[in-house]
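Data block below; observations after.
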Amino acid sequence: MGHAVAQPPRPPEPAPSPADDERLARRSPVRRLLGRPELGALLGAVAVFAFFSVAADAFLQASSFSTVLYASSTFGIMAVGVSLLMIGGEFDLSAGVLVTTSALIAALVSYQLTLNVWAGVVVSLVLTLLLGMVNGLLYVNTGLPSFVVTLATFFMLAGANLGVTKAVTGNVATDSVRDMDGFDSARAVFASDVDLAGVNVNVTVFWWLLLVAAATWLLLRTRTGNWIFAVGGAAASARAVGVPVARTRIGLFMGVAFCAWLSGMHLVFAFATVQSGEGVGNEFFFIICAVIGGCLLTGGYGSAIGAAIGAFIFGMTNKGIVYAEWNPDWFKFFLGAMLLIATVVNLIVRRRVERAP
Amino acid sequence: MTAAPGPNPSPEPPTGASPEPSSGASARGDGPPLVRLTGVGKNYGSVIALRGVSLEARAGEVTCVLGDNGAGKSTLIKIVAGLHRHDSGTYEVAGEPVSFASPRDALDRGIATVYQDLAVVPLMPIWRNFFLGSEKRRSLGRLDVGHMRRTTRRELAEMGIDLRDVDQPIGTLSGGERQCVAIARAVHFGARALVLDEPTAALGVKQAGVVLRYIVQARERGLAVVFITHNPHHAYPVGDRFLILKRGRGIGHHSKSDITRDELTALMAGGAELEELAHELKAASAGGAGAAAARELTRQAKDLGITGKP
């Protein structure tokens, strides 16, 4: 049977190890908890929540909570794809404008060809996934850093969004698809809301939670997840043991594209028209969500749940500043400060994890 | 050969769904060697990294490849492992000519390679590293985490690494233990030939000993082991055959019975290099301790009987 061939008889239990002194110290449960990627983000979320609860009277109202949830979900959906990509060791700077591209495709295709909006939704899905694949293929085949590759596609997409929209509609926004066939059903799927226990919850929140759950399962309980961690952690080692590194990377870029499509569909059916200049700069917010959530910029470490908590922190800060009636100009300052704190915490965590005995 | 897996701490079969290693005996003895390179060459652009190198690795033997830095050891191993294709010569696995496009192809033929620096993904848990690229799955693509944890623990226990927590990142293990995990992984997944790239290079004496012990174990299990090293003191005790590389060529092919450790050391270092080293020492420090050291070196080279010879 298998590897037992030619194997001398062995005692069933390992003999008392003679090599105790070569072994590492045991990790206590506390240290193991500290090693969780989500921990820093969770502590941060509690701190931010407590802070705004005290600083802003309106923050604890149900309506405020629903606003915070909504803001968190719109960024959280993208943060799922971006965090997986980051665990795989890469960036996608085109993620922000890709959302707009996806929305524009759906709106333009439906309106200009006078189709049911669902046709536009499907065409948009296919084309957006293809754009994600182009990012992946460019990265895999050129060997350039993903930062550079996606910076290039970011500018190209930003220009194309504006150029194509103006050429087709003569305007910087698309025509309204509100009266097109299928709008109501599509709106129900991508942009409706329900009341849950007095809190108005947008459907994006459910999409967000569903994506986080799916991504977490993918990461921790599937072969693909194993490959994502390995490709981000040590691509050469992964390749040497037979992991399809290029395929995994391309898949990750397509994952970001899928999230961009979902976000784009929300834009289309929430507002009926799409502004072609939107989305620029959002890619950094997605990255911030992932990093605050414990993803290492260098890859190989992180979690989708952490990214979700990061998005929640982002949503709380975004809206909390409004409720506290501060000058919203300071929002980005806080965001930057949080990013700094989060990365320092991550650095400490990684040193702890990587430290050899 | 013990056909039964022997008393087993776990109720399940030791190899699970992993591919069956061939019955070791097929390539042992008279048959064609498991791995045979004949007159293999490799160029990187205008740089000739390897030319006319031949290598044989038989089941149940350790074939050592020795050479200084830049001798072509890495290139040779990359060809065997499937990371590079050879430009000339032939590469046969169990008598069948092959040309691998990727390490996966080599793995599918039972040739597993453990690299000094590419062995593991440091941030991933030990059990995930152990099964990386050969994950055991249940229905719906779910990972069989319980099985993988148990198997990892058992396989490592068998080689004397007793871990209570296979969930710790493998980066927290010592260098020797990491090499052992990578070797155990290759053996578990049915490797017939095991290629080890400088497994002892970055290790202390004690840890190198652990790895050497495992090389002997792998040989006893009937694997063909190719052991790349620049240290004749590590190679000689475990090796059955020795191939010495120099500047991309094979300069000696010996079995253990016709070479002593000192001769091996001498071949490795090369008399010319030792003389050159002595000369440099002398030139750098006229007289004094430097000259004494140079004299010592020359005397050693003479003792090894290598002065003047290539």
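Labels below follow one simple rule: chain letters A, B, ... track the order of the sequence lines, proteins then strands, and each chain is numbered from 1.
- Ranked by heavy-atom pairs under 4.5 Å with chain A, the list Arg104(B), Glu135(B), Met124(B) is led by Glu135(B).
- Considering every non-hydrogen atom in both Ala234(A) and Pro122(B), the closest pair reads CB-CD, 4.3 Å.
- Proximity to chain B at a heavy-atom threshold of 4.5 Å picks out nothing from residues 80-90 of chain A.
- Within 6.0 Å of the CZ atom in Arg247(A), the count of heavy atoms belonging to other residues, nucleotides or ligands does not exceed 12.
- Around the OH atom of Tyr44(B), the shell of radius 6.0 Å holds more than 12 heavy atoms that belong to other residues, nucleotides or ligands.
- With a 4.5 Å cut-off on non-hydrogen atoms, Leu107(B) touches chain A through its side chain but not through its backbone.
- Arg128(B) touches chain A through backbone and side chain together, each having a heavy atom under 4.5 Å away.
- Taking both residues in full, the closest heavy atoms of Ser237(A) and Val120(B) are given as OG-O, 3.2 Å, listed atom of the first, atom of the second, then distance.
- For residues 219-228 of chain A, heavy-atom neighbours of chain B at less than 4.5 Å comprise Leu219(A), Leu220(A), Arg221(A), Thr222(A), Arg223(A), Asn226(A), Trp227(A), sorted by residue number.
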